[in-house]
Amino acid sequence: MAASEGSAARIQFKALRGFPAIGDTADKLETQAFLDASKEIVTVIESFGKLFTPVISDMNGNINKLTKAYGADVVKYQYLEDLIVLNVNVDDFAANALLWLKRGLQLICTFFENIYNDAQAKEALKQHLQDAYERTLKPYHGFIVQSTIKIIYSWVPTRSQLLGQGVAQAENIEVLTSFLPRMRAHLDSIDALLKAHNLDDARKV
C-alpha cells in the first residue's frame with residue numbers, strides 16, 4: 001500500500017478489546033475486565049520504545065498486585081469496588097496498587113485524548129505527553145522522579161510512528177472515538193471510589 005494511503009502503525013487500537021461499557025452491572029466495574037484492559041494499555045506503552053521500560057514495569061507491578069489480591073477470592077472480588085471497599089481499614093495493599101495504576105492509565109488516556117483532539121494533527125507528540133504528565137502524575141512525583149520522566153518522555157515516537165499514516169491513522173482515530181470515552185469512564189469511576197473512601201493518597205514519591 002502506498003504511503004499516501006496508509007502505512008504501518010505501532011499501535012492498532014482495533015485489535016484491542018478495550019474497556020467495556022459501564023452500566024450493565026449497576027455501574028460496577030468487573031475486576032477481570034479492568035485488569036485485562038489495563039494489560040492492553042501496557043502493550044500500547046511498549047510500542048513507545050525501550051526507554052519507557054520504567055513506566056511499563058511500574059504499571060505491570062501494580063497490575064500484578066491487583067491480580068494477586070483478586071485471586072484470593074475471585075467470586076468475592078468479582079467487582080473492583082468490592083476488592084477495595086471490603087478491605088478498607090484492613091489492608092490497603094490493593095487500594096494503593098489501584099491508585100497508582102489509575103494514575104498511569106490517566107496519563108495514557110489524557111495523552112491520546114490530546115492527540116485525538118489536536119485539530120492540526122501535529123507529528124511531534126512530546127508536548128501532548130508533557131501536558132498529560134503535568135495533569136496526572138507530576139503532582140505526585142518528587143524532583144528526582146520528575147527529572148527522570150522528563151528525559152524519558154522526550155523520546156516519545158511521532159504521530160505517524162504510533163498511529164500510522166493515511167488510512168492506518170484514520171482507522172486508529174476512528175476507534176479512539178469510542179475507546180477513549182470508555183477508558184475515561186472507568187478512570188473517573190475509580191477516582192471517585194478512591195476519594196469516597198479517603199484512599200487518594202497525595203504523598204509524593
Would you say that K126 contacts S154 through its side chain, given a criterion of any heavy-atom pair below 4.5 Å between the two side chains?
yes
Could you walk me through whether L129 and L107 pass side-chain contact (heavy atoms from CB on, under 4.5 Å), step by step?
CA-CA 8 Å; L129 188 56; L107 167 73; 4.3 Å; yes
Closest approach of A9 and G164, non-hydrogen atoms and distance?
CB-N, 3.3 Å
Side-chain donor or acceptor of T31 paired with backbone N/O of Q78 under 3.5 Å
yes
How long is the gap from CG on L180 to OH on Y116, to the nearest 0.5 Å?
8.0 Å
For the backbone of L163 and the side chain of Q169, can you confirm whether one donor and one acceptor N or O come within less than 3.5 Å of each other?
no
After noting the C-alpha distance and the side-chain angles of K28 and D82, does the key distance pass the side-chain contact (heavy atoms from CB on, under 4.5 Å) rule?
CA-CA 9 Å; K28 281 196 169 186; D82 295 330; 3.2 Å; yes
F13 meets the ring pair (Phe, Tyr, Trp, His ring centres under 6.0 Å) criterion, sequence neighbours left out, with F112, F179
Distance, nearest 0.5 Å, that separates CD1 of I63 from CG of N60:
5.5 Å
Can you name the side-chain contact (heavy atoms from CB on, under 4.5 Å) partners of F93, sequence neighbours left out?
K65, D91
Contact between V85 and Y79 at the side-chain level, heavy atoms closer than 4.5 Å - yes or no?
no
Under the side-chain contact (heavy atoms from CB on, under 4.5 Å) test, which residues partner Q127, sequence neighbours left out?
Q130
Tell me whether the count of non-hydrogen atoms from other residues, nucleotides or ligands lying under 6.0 Å of CD in E174 goes above 12.
no
To the nearest 0.5 Å, how far apart are CZ in R182 and CZ in R17?
11.0 Å
Taking N172 for its side chain and I11 for its backbone only, find out whether a donor-acceptor pair lies under 3.5 Å.
yes
Of all heavy-atom pairs between L125 and V156, which one has the smallest distance, and what is that distance?
C-CG1, 3.9 Å
Listed partners of R184 passing salt bridge (charged side-chain N to carboxylate O under 4.0 Å, His left out), at least two apart:
E113
Apply side-chain contact (heavy atoms from CB on, under 4.5 Å) to D200 and K102, showing your working.
CA-CA 10 Å; D200 192 24; K102 179 214 61 167; 4.0 Å; yes
Nearest heavy-atom contact between L86 and V90 is O-CG2, 4.4 Å
Is there any ring pair (Phe, Tyr, Trp, His ring centres under 6.0 Å) pair reaching into residues 184-205, and which pairs are they, with sequence neighbours excluded?
F19-H186
Could you please spell out the steps behind the side-chain contact (heavy atoms from CB on, under 4.5 Å) verdict for L83 and F34?
CA-CA 12 Å; L83 176 61; F34 171 74; over 6 Å; no
Rounded at 0.5 Å granularity, tell me how far OG1 in T110 sits from CD in E134.
12.0 Å
Side-chain contact test, heavy atoms from C-beta onward, threshold under 4.5 Å: evaluate it for P157 versus R10 and give yes or no.
yes
Hits for ring pair (Phe, Tyr, Trp, His ring centres under 6.0 Å) against Y70, two or more places apart or cross-chain, chain-then-number order -> none
In short, G104 meets M59 closest at the heavy-atom pair C-CE, 4.0 Å
Nearest 0.5 angstrom please: S147 OG to I152 CD1, how far?
11.0 Å
Who pairs with K204 by side-chain hydrogen bond (donor to acceptor under 3.5 Å, both in side chains), at least two apart in sequence or on another chain?
none
Residues passing the side-chain contact (heavy atoms from CB on, under 4.5 Å) test with K68, sequence neighbours excluded, are none
Identified side-chain contact (heavy atoms from CB on, under 4.5 Å) counterpart of L98 within the set L80, N62, D92:
L80
Going by atom type alone, with no hydrogens or angles, which donor-acceptor pairs under 3.5 Å involve a side-chain atom of residues 41-54 and a protein atom two or more places apart or on another chain?
from, atom 1, to, atom 2, distance (Å)
T43, OG1, E40, O, 2.4
S47, OG, V44, O, 2.5
T53, OG1, K50, O, 2.6

The side-chain hydrogen bond (donor to acceptor under 3.5 Å, both in side chains) partners of Y140 (sequence neighbours excluded) come to none
For A95 against L199, the heavy-atom pair lying closest together
CB-CD1, 3.8 Å
If you define the side chain from C-beta out and look only at heavy atoms, does anything of K122 sit under 4.5 Å from R159?
no
If you compare all heavy atoms of R103 against all heavy atoms of L137, which two are closest, and at what distance to 0.1 Å?
CB-CD2, 3.5 Å
Once rounded to the nearest 0.5 Å, what's the spacing between atom CG of L101 and atom OG of S38?
4.5 Å
Is there a donor-acceptor contact under 3.5 Å from the side chain of S189 to the main chain of A185?
no
Please list, chain by chain and in numerical order, all residues satisfying side-chain hydrogen bond (donor to acceptor under 3.5 Å, both in side chains) with D73, sequence neighbours excluded.
none
E171: partners by side-chain hydrogen bond (donor to acceptor under 3.5 Å, both in side chains), with sequence neighbours left out:
K14
